[in-house]
Amino acid sequence: MTLEDVEHIPKVVVVGHIDHGKSSFIGRLMYDLDQIPDGKFEELKEVSKKRGMDFEFAFLMDALQSERDQGITIDTTQIFFRTKKRKYVFIDAPGHKEFVRNMITGASSADIAMLIVDVCEGVKEQTKKHSYLLKLLGIDNVIILYNKMDKIKNDEKRYLSVKNEMEEYLRNIGIKISNQIPISAKCGDNIVKKSSNIKWYEEKVVSEVLDEFDVDSKNVLGPLRLPVQDIYKIKDKRIIVGRIESGKVSIDDELLFLPSNETVRIDSFEEWPEPKNDYFAGESIAFTMKEQIFVDRGNLVSHSETPPKLMQTFEANIFWLTHKKLNLKGKYLLKINTGEYSVSIKNIKKIINTDNLESKSSSGIIRKNDVAEIVLHSSQLIPMDDFRDNKKTGRFCLLDEEEIIAGGIVDLSNYPDQRESSVQPNIKPVELAVKEIDRSNKFNHRSAIIWLTGLSGSGKSTIAKEVERKLFLRDFNVFVLDGDNLRMGLNKGLKFSTDDRTENIRRTAEVAKLFSQAGFIVIVSLISPYKSERKKARDIRPEIFKEIYVSASLEECSKRDVKGLYAKANKGEIKNFTGISSPYEEPDNPDLILNTEDESVEKSVKKLENFIVENFSNLKKS
């Protein structure tokens, strides 16, 4: 198989201000190319006549009844058609500011962009907004269509005035103009046939420009990027599936899996009736590996010599899609490729006014439809590319409570690759004979670090011990690391100062990591009062770390006072006691909350047991 064998149908997005004629243009183009189904044109003309309306070519596109009633496009519409030269997919994207989300959805996958400008109304706010969004989405070469020339009686002077304004704005944001064509969707001028009405225009018509447009093949020729979509176990095979976003993969290639940094060779491709030897960008594949390693949905596969970067802190340009206020203290879900990561917004660098391209003062406030430059931080290393290097793997969306609140592109120009490089030069880790995945297959569950945090007396140890017992009876490889037990040995010399507490947490986390590598579900029961130190504990193995907040008020814990410690602390006999003379910082976004003040121990135990089984068992909950 060669590159020539990979058929790519160019996707064309049409954007612009509301009612500037996007749907009308596509409808007219389809009609002039004889791509309208038999009888459809006549049917819509009859419907328009019955409604007492003039026929509009937009009716051919506006498939939704609500769109005809309101006269606006509210969803993206994909239309397949062909010219004499090749096939295309047209994406008709909405122009109204309330439907910008759908416009982004449509434009994000486009190869060619057409920007419609009404020469009567000129360059409007949404024209500039959509232009800027095209830039954010990586479409930096556009065809501009100046529509409704018939309404200005094909006046060249008016055309040149609007054209100059559009050119200046696009030049300022770094978008190149490949062609500029005066058209009339209503009359069919300069769309498929040269207009006899616009005699002063002597260049190519729209269909000719489309056919000559050189669609970028960089995704096929670039470095391999294969986000893992899923892993299937069929008999004795573990089959990894995903879609190649860029590059090429061949049988027996050595692949690098990120963020784990493990390499393994392809053993076989799985395809019926016969697999090929090579697969290219745009193709979905299924393959097996010669050695078994942990692979998760969201892993990014590349070749070792051309890997993406691994980032925890990075910059991004985002488009804010919601009326919700941005919370600098909150956590958001970042979806990039097939991966999902918990992130926080560390800083808003600036908010850009897309109308005049000036920076606006943010004061921490981003409003709906704002464009902003921000700094993001993740507790996990995220494999990604700078958007300028790979448009497919360098864009993402942010979610809050399952709602998409922003779309963005990655900017790594100011941040280096953040792969861990802290190993001392004269110390080399020993590769163990029994791998973690072998232990997982034997015990039928993944390793896990279940970190219980909460005040003394909240019920951490009680819950940990009971969950350990229940999981053990279900043949789980499980062990509890209790804070008091650790202070009897490993952490014996540590007191309760801030520094000693920090070291206590660090040592415990490192021991938990070793247990997890041995295939255990390790349940840590530790007050661990500081957010920053719990975060460091998570960062040791973030992919398997779960923070469980065992919640009970100080009053309730003091009332229980199982060990008599609160009484001593209140008398001053114990210094630096958490909740009395030393602070406890509640988790902001724990993975699970066990409210032992309002629910029974049995209910809390069952909740945690189910949580562990659902997240880490290979067999799942019975």
Next item on the list: Determine, stepwise, if the pair D588 / K531 fulfils salt bridge (Lys or Arg N to Asp or Glu O under 4.0 Å).
Entry: CA-CA 9 Å; D588 291 324; K531 291 179 186 177; 3.0 Å; yes
Check: So R538 and D591, salt bridge (Lys or Arg N to Asp or Glu O under 4.0 Å) or not? Walk me through it.
Finding: CA-CA 12 Å; R538 178 188 288 274; D591 296 290; 3.0 Å; yes
Margin query: For L226 and Y279: C-alpha separation, side-chain torsions, deciding distance, then whether side chain to side chain contact (heavy atoms under 4.5 Å, CB included) applies.
Written below: CA-CA 11 Å; L226 170 60; Y279 290 85; over 6 Å; no
Item checked: Pair L399-K335, side chain to side chain contact (heavy atoms under 4.5 Å, CB included): steps then yes or no -> CA-CA 8 Å; L399 288 84; K335 287 191 175 185; 3.8 Å; yes
Checklist line | Step-by-step salt bridge (Lys or Arg N to Asp or Glu O under 4.0 Å) determination, E262 to K435 | finding: CA-CA 12 Å; E262 293 191 84; K435 293 186 176 181; 5.4 Å; no
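With hydrogens and angles ignored, the 3.5 Å screen pairs a side-chain donor or acceptor of D386 with a backbone N or O of L412. Although no hydrogens or angles enter the test, the distance criterion places a donor-acceptor pair under 3.5 Å between the side chain of Q418 and the main chain of Q312. Of the possible donor and acceptor atoms, none in the side chain of K391 sits under 3.5 Å from a partner among the backbone N and O of I409. The main-chain N or O of K346 is never found under 3.5 Å from a side-chain atom of S344 such that the two would form a donor-acceptor pair. Distance alone, capped at 3.5 Å, is enough to place a donor-acceptor pair between the S447 side chain and the S516 backbone. In this structure, the side chain of S304 does not engage the main chain of L256 through any donor-acceptor pair within 3.5 Å. For the pair S553 (side chain) and E556 (backbone), a donor-acceptor distance under 3.5 Å is present. R265 places a side-chain N or O within 3.5 Å of a backbone atom of D252 that can act as its donor or acceptor partner. Within the 3.5 Å criterion, the main-chain N or O of K495 finds a donor-acceptor partner in the side chain of R487. At least one donor-acceptor pair closer than 3.5 Å links the side chain of S440 to the backbone N or O of H445.
Residues satisfying the salt bridge (charged side-chain N to carboxylate O under 4.0 Å, His left out) test with R439, not counting sequence neighbours, are none. When the salt bridge (charged side-chain N to carboxylate O under 4.0 Å, His left out) test is applied to D499, no partner is found at least two apart in sequence or on another chain. Residues meeting the ring pair (Phe, Tyr, Trp, His ring centres under 6.0 Å) test with Y566, sequence neighbours left out: F577. Under the side chain to side chain contact (heavy atoms under 4.5 Å, CB included) criterion, K465 pairs with no residue at all, not counting sequence neighbours. Considering only residues two or more places apart in sequence or on other chains, P587 meets the side chain to side chain contact (heavy atoms under 4.5 Å, CB included) condition with T453, R534, E547, Y549, Y584, P590.
The two residues N337 and P383 come nearest to each other via the heavy atoms ND2-O, 4.4 Å. The two residues G519 and F443 have their closest heavy-atom pair at O-CD1, 4.1 Å.
Salt bridge status for E510 with R507: absent, with no side-chain N to carboxylate O gap under 4.0 Å.
In this structure, CD on E597 lies 7.0 Å from CZ on R560, to the nearest 0.5 angstrom. With values rounded to the nearest 0.5 angstrom, N299 atom CG is found 11.0 Å from R297 atom CZ. For the atom pair CZ (F472) and CD1 (I521), the distance works out to 13.5 Å, reported to the nearest 0.5 Å. Between the CD1 atom of I612 and the CD1 atom of I450 there is a distance of 4.5 Å, given to the nearest 0.5 Å. Note: K603 NZ to T596 OG1 = 12.5 Å, rounded to the nearest 0.5 Å. Atom CD of Q517 and atom CZ of R541 lie 6.0 Å apart (nearest 0.5 Å).
If you check the side chains of N277 and S250, you find no donor sitting under 3.5 Å from an acceptor. For the residue pair T288 and S268, a side-chain donor N or O sits within less than 3.5 Å of a side-chain acceptor on the partner. Side-chain contact check for T313 and H377: at least one donor-acceptor pair (N or O, by modelled atom type) lies under 3.5 Å. Side-chain N/O atoms of E270 and Y232 include no donor and acceptor closer than 3.5 Å.
Applying the ring pair (Phe, Tyr, Trp, His ring centres under 6.0 Å) test to pairs two or more places apart or on separate chains, those with a residue in residues 516-540 are F515-F520.
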